[in-house]
Student: 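Structure below; questions to follow.
Numbering of ligands and ligand atoms starts at 1, following listing order. Values in this document were obtained by computation on a predicted structure and should not be read as measured data.
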Amino acid sequence: MHIPINTPLHAQRRAAFASNMGPNALAIIPTAPERMRNRDADFPHRFDSYFFYLCGFTEPGATLLIDSSGHTTLVCLPKDLERETWDGFRLGPDAAPSALGIDAAAATNALDATVVKLLGNKDAVWWPFATHEQLNTNVERWLGSVRAQARAGMTCPTTQRDACLLLDEMRLIKDATELATMRRAASISANAHIRAMQRSARDLRDHLDLREYHLEAELLHEFRQHGSQFPAYTSIVAAGANACVLHYRADTGAVKDGDLVLIDAGCELDGYASDITRTFPANGRFTAPQRDVYALVLASQVAAINATRTGARFNKPHEAAVQVLTQGLLDLGILNKQQVGNVDEAIAIKAYTPFYMHRTSHWLGLDVHDCGRYAGTDLQAQQHTPPLTRHLQEGMVLTIEPGLYIRPSDAVPAHFHNIGIRIEDDAVVSAGECELISRGVPVAIDDIEALMA
Ligand code: GLY
Ligand code: MN
Ligand code: MN
């Protein structure tokens, strides 16, 4: 996989990371292993996001070693003409320092020796806890090898620290280069949703046998056509009642006249995820009950978007969405006032959860559910029960994705049964209003109907 490497940017990130490790420490950051899908067939390799963030290198089998001064060694696969004939080009340790702007490199057969040499006489070792199988046992083994050289005068680190603690917070605030990539990813995904909507309306007008996988094919075409390397997650294309299954995948379901279709799909571009959900009428025209529920979900998303701004707590948009959704559920008679009380009483007992059972937002970045703490660490947050979430800051990117999922039940008017609606956009937190980077695909009822007409 070829992704252009901005070496000065990665050097800056490594320097910032290293300067926060404290003196005389070493960080060990491996990339992801290759994984077998079945027999001889591997899953497509996807690098580890922390590793990629720090050096931009996409080959498997590599480990990054960074000391407190920022001095960086890469351990990578050696050149091997025979393997390269089968698997493709390898950079190799001789070319790695100049290509990646790092200080030194070694081949994977020298991993143990290289790590042990660099760990000797260090006070602390940083590595990403609970992210790679076997890494904890490898670190133990390397520490054991260092300790075995005590009589030769070598001292062994006495502290292990979680590298995620530093890297999660760095990754949470996106720089201009990351934001530019994320805007492009969101724009490709928005066009993919448009393509799927138009295919749906066209095929139903032509009375064709349209299936969920046909709409998935439109998404994948648009992603790949514009250079996206992968979908950022398995696409959800859920027709009719399937939309009420939250983790449904695009399958063989028929896309029928009169049904809604929920598509949750986003591409990954140069490592960065986008994450968009749209729900639209298969034939291009909302029915009256579909329109009522859609308008409610959209109003709740508008409330959440308005609450997404620098200085607000992370949970504010969720609370804003829940307020609007609960009031709307009462107004539509989906929640019964006699049973759950007024809107505040209904929220207090979480009466909305049979219809809205997920949260409104998550961080977005190299990972679709990106890293970064959600809890607040300020005094006010800590003293509150339950503890409050953190404050939003400029450069954070999060999704805003309220929804309603109405399964058949005697307690709910029948014309709402099996309606599942989510609307999801990607927002960059800015000084004033947040910037929605995924609105290349329409969201208003009239705009969707116009697009599909
Ligand atoms: N597509 C994953 C999510 O919306 O969180
Ligand atoms: Mn999401
Ligand atoms: Mn999503």
Side-chain angles (χ1 to χ4, degrees), residues 46 49 171-172 174 182-183 185-197 212 215-216 218-220 222-223 228-239 242-251 260-269 271-280 294 297-298 300-302 304-305 307-308 314-315 317-318 320-322 325 353 355-372 374 389 392 396-405 420-429 434-443:
R46 166 55 158 75
S49 296
R171 281 176 52 190
L172 181 55
K174 274 67 180 177
M182 293 188 75
R183 286 189 189 100
S187 156
I188 293 168
S189 299
N191 284 324
H193 279 261
I194 288 178
R195 197 180 161 102
M197 287 179 185
E212 291 162 344
L215 300 184
E216 183 186 26
E218 300 293 336
L219 300 166
L220 293 173
E222 195 71 13
F223 291 173
S228 148
Q229 291 84 358
F230 306 102
Y233 51 92
T234 307
S235 305
I236 296 172
V237 180
N242 294 336
C244 294
V245 180
L246 290 178
H247 288 166
Y248 187 83
R249 309 298 190 201
D251 202 350
L260 289 174
V261 182
L262 183 156
I263 296 184
D264 183 347
C267 72
E268 179 177 304
L269 181 72
Y272 286 83
S274 54
D275 185 4
I276 303 181
T277 307
R278 287 292 182 269
T279 310
F280 57 90
Y294 189 93
V297 175
L298 185 56
S300 77
Q301 199 210 26
V302 169
I305 290 166
T308 302
F314 171 82
N315 213 38
H318 178 66
V322 162
L325 289 173
T353 49
F355 310 105
Y356 185 43
M357 58 299 277
H358 59 78
R359 304 197 66 82
T360 303
S361 301
H362 55 79
W363 307 130
L364 185 70
L366 286 167
D367 296 314
V368 63
H369 290 181
D370 208 31
C371 59
Y374 290 95
T389 50
L392 297 176
M396 292 175 169
V397 183
L398 68 160
T399 64
I400 307 177
E401 49 176 309
L404 286 175
Y405 314 90
I421 293 173
R422 177 165 62 258
I423 305 172
E424 174 172 29
D425 282 288
D426 303 342
V428 181
V429 179
C434 64
E435 175 195 353
L436 297 177
I437 60 175
S438 51
R439 281 292 175 91
V441 50
V443 70

Student: For Y233 and G266, indicate whether the former's side chain and the latter's backbone hold a donor-acceptor pair under 3.5 Å.
Tutor: yes
Student: Mark yes or no for whether Y374, through its side chain, and W363, through its backbone, hold a donor-acceptor pair below 3.5 Å.
Tutor: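 Answer holds: yes.
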Student: Quick one: do the H362 and E401 side chains pair a donor with an acceptor below 3.5 Å?
Tutor: yes
Student: With a cut-off of 2.8 Å, how many protein N, O or S atoms neighbour the Mn ion (ligand 3)?
Tutor: 4
Student: Is there a donor-acceptor contact under 3.5 Å from the side chain of S235 to the main chain of E216?
Tutor: no
Student: Indicate if the distance from the Mn ion (ligand 2) to the nearest N, O or S atom of H369 falls below 2.8 Å.
Tutor: no
Student: Mind checking the OG1-CD1 spacing from T399 to I276? Nearest 0.5 Å is all I need.
Tutor: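 One gets 11.5 Å once the value is rounded to the nearest 0.5 Å.
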Student: About how many Å separate CD1 of I194 and CD of E222, when rounded to the nearest 0.5 Å?
Tutor: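 Spacing of CD (E222) from CD1 (I194) equals 8.5 Å.
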Student: With heavy atoms of E424 as the reference, note each atom of ligand 1 found under 4.0 Å away.
Tutor: 4 (O)
Student: Would you call T360 and I400 a side-chain contact if the rule is heavy atoms closer than 4.5 Å?
Tutor: yes
Student: Could you find the nearest protein heavy atom to atom 3 (C) of ligand 1 and give me its residue, atom name and distance?
Tutor: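 For this ligand atom, the closest protein heavy atom is D275 OD2, 3.3 Å.
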Student: Using the six-membered ring wherever Trp is involved, compare the ring planes of Y356 and H318 and label them parallel, tilted or perpendicular (cut-offs 30° and 60°).
Tutor: tilted
Student: Measure the distances from the heavy atoms of H369 to every atom of ligand 1 and state whether one is below 4.0 angstrom.
Tutor: yes
Student: Would you call D264 a ligand 1 contact, heavy-atom distance under 4.0 Å?
Tutor: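 Yes; D264 lies near enough to ligand 1 that a heavy-atom distance drops under 4.0 Å.
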